[in-house]
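So the structure is just underneath, and the comments pick up after that.
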There are 2 protein chains.
Amino acid sequence: MAHEDHKEIVQEIKGNMPDADTLFDLADFFKVFGDSTRIRIMCALFERELSVCCIADIVGMEQSTVSHQLRILRQENLVKVRRDGKQSYYSLEDEHIQKIFEMGLEHILE
Amino acid sequence: MAHEDHKEIVQEIKGNMPDADTLFDLADFFKVFGDSTRIRIMCALFERELSVCCIADIVGMEQSTVSHQLRILRQENLVKVRRDGKQSYYSLEDEHIQKIFEMGLEHILE
DNA sequence: TGAACATATGAACAATTATTCATATATTAT
DNA sequence: ATAATATATGAATAATTGTTCATATGTTCA
């Protein structure tokens, strides 16, 4: 236990928090931003849609690696795919992503 | 290799991207948001500053676990500490954090 | 000074995750 | 159909990371 109003504070805060499931999902969402390969992939996609092999060359990693990471980005609805012949072209799902990206950048550049 | 304008596109995008170091730091920053325990701790701190033992009770984890996670939050300048007698009171460093949090929440609630 | 309490930290363990290799699937052109 | 190319995926491995236990540090009060 602890100081005087411990119990009351705990109850108050617990009552006002979003439910655990939501926060769990939120953590999963941010987890996607927490890897430098994925961050670089997303960053590349800010400019335009790109094929998998272009992305691989841009980030300097194996095509396989990029494919795996793109799947993760797809699962969290951060990117969408378009097939055109042999290529798959990936692009960002919406603009939230760039905004969150920029806010993070703001924070670390302080 | 790949389709026609592959090389040009790769060069163009590579030229416009922030340098790798910055993106690495950015990923590290978001990594902090990518754990449900830390997310819950931050969420609790939106309301007010809290002692370590309060936080431990709110998130339902060991004091030790919370202390370790608070250190990580401190290292990334997301929280600050204030000593008052035996207790350490933690609070959020700035408002970026809540904004980023809310944007993430917006995204997953779609 | 010593007891009691709050917090911090090191070591160990379990679990998760990123990457690569090898290979499968899909598409196009010959 | 076969060859060539682009992408996707499964298995294996290495590395990272979250949690806990045990204990150290710091603070107050008797």
Side-chain angles (χ1 to χ4, degrees), chain A residues 1-7 9-10 20 23-24 27-42 45 49-76 79-91, chain B residues 1-7 9-10 20 23-24 27-42 45 49-76 79-91:
Chain A
M1 192 67 64
H3 43 102
E4 225 36 67
D5 21 308
H6 181 100
K7 279 192 177 178
I9 292 177
V10 169
L23 295 178
F24 199 86
D28 275 350
F29 170 71
F30 282 122
K31 212 168 281 182
V32 181
F33 287 79
D35 174 79
S36 60
T37 302
R38 285 192 295 266
I39 278 279
R40 279 154 73 218
I41 291 175
M42 287 188 268
L45 293 175
E49 68 167 14
L50 292 167
S51 67
V52 176
C53 59
C54 273
I55 298 173
D57 270 14
I58 291 166
V59 303
M61 310 202 82
E62 298 287 326
Q63 172 267 317
S64 166
T65 307
V66 171
S67 247
H68 279 299
Q69 297 300 355
L70 285 168
R71 184 164 46 81
I72 292 171
L73 290 168
R74 231 182 313 129
Q75 282 169 345
E76 282 288 339
V79 299
K80 51 176 182 283
V81 213
R82 171 178 79 80
R83 255 283 183 185
D84 181 19
K86 280 180 284 189
Q87 278 96 30
S88 293
Y89 287 93
Y90 283 81
S91 56
Chain B
M1 191 67 64
H3 43 102
E4 224 36 66
D5 21 309
H6 182 98
K7 278 193 177 177
I9 292 177
V10 169
L23 295 179
F24 199 84
D28 275 350
F29 170 71
F30 282 122
K31 211 168 280 181
V32 180
F33 287 78
D35 173 78
S36 60
T37 301
R38 285 192 296 266
I39 278 278
R40 279 153 73 219
I41 291 175
M42 287 189 267
L45 292 174
E49 69 168 12
L50 292 167
S51 67
V52 177
C53 59
C54 272
I55 298 173
D57 270 13
I58 290 166
V59 304
M61 311 202 80
E62 299 287 325
Q63 172 269 316
S64 166
T65 307
V66 171
S67 248
H68 279 299
Q69 297 300 356
L70 285 168
R71 184 164 47 79
I72 292 171
L73 290 168
R74 232 183 311 130
Q75 283 170 346
E76 283 288 339
V79 300
K80 51 177 182 283
V81 214
R82 171 178 79 80
R83 256 283 185 183
D84 181 20
K86 280 180 284 190
Q87 278 95 30
S88 293
Y89 288 93
Y90 282 81
S91 56

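All values below come from the heavy atoms of this structure, side chains included, with hydrogens, waters and symmetry mates left out. Reminder, nothing fancy here: chain letters follow the sequence lines and each chain counts from 1. Nothing here was measured: the structure is a model prediction, and the numbers come from that model.
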> Atom CZ of A:R74 and atom C1' of D:dT7: how far apart are they, to the nearest Å?
Replying inline: 10 Å
>> Side chain of B:Q63 only, heavy atoms from C-beta on: which candidate in D:dG18, D:dT7, C:dA8 is closest?
In response: C:dA8
Return the polar atom pairs (N/O with N/O) between nucleotides 24-30 of chain C and the protein under 3.5 Å, or none.
none

> Nearest of D:dG18, D:dT19, C:dT7 to any side-chain atom of B:T65?
Replying inline: D:dT19
> Within the distance-only criterion (no hydrogens, no angle test), does the side chain of A:R83 pair as donor or acceptor with the backbone N or O of A:S88 below 3.5 angstrom?
Replying inline: no
> What is the distance, rounded to the nearest whole Å, between atom CD of A:E62 and atom P of D:dT9?
Replying inline: 18 Å
>> Restricting to ring pair (Phe, Tyr, Trp, His ring centres under 6.0 Å), what partner residues turn up for B:F30, sequence neighbours left out?
In response: A:F33
> Strictly by modelled atom types, are B:R74 and B:Y90 linked by a side-chain donor-acceptor pair under 3.5 Å?
Replying inline: yes
>> Nearest to the B:Q87 side chain among D:dT7, D:dT19, C:dT7, which nucleotide is it?
In response: C:dT7
> How long is the line joining CZ of A:R40 and P of C:dT19, in whole Å?
Replying inline: 9 Å
> From D:dT20, C:dT20, D:dT7, pick the nucleotide closest to the side chain of A:S67?
Replying inline: D:dT7
>> Measuring from the side chain of B:H68 (C-beta onward, heavy atoms only), which nucleotide among D:dT9, C:dT9, C:dA18 has the closest atom?
In response: C:dT9
> What's the closest nucleotide to the B:T37 side chain, out of C:dT19, D:dT7, D:dT19?
Replying inline: D:dT19
> Starting at CD1 of B:I41 and ending at P of D:dG18, how long is that distance when rounded to a whole Å?
Replying inline: 11 Å
>> From CD of B:Q69 over to C1' of D:dT17, roughly how many Å is that when rounded to an integer?
In response: 9 Å
>> Counting the atoms with a prime plus P, OP1 and OP2 as sugar-phosphate, which does A:Y90 contact under 4.0 Å by heavy atoms, base, sugar-phosphate, or nothing?
In response: sugar-phosphate
> Between A:H6 (NE2) and C:dA6 (P), how many Å, whole number?
Replying inline: 9 Å
>> Going by salt bridge (charged side-chain N to carboxylate O under 4.0 Å, His left out), name the pairs with one or both residues in residues 27-39 of chain B, residues two or more places apart or in two chains.
In response: B:D28-B:K31
> Which of the following nucleotides, C:dT20, D:dT9, D:dT20, is nearest to the side chain of B:S64?
Replying inline: D:dT20
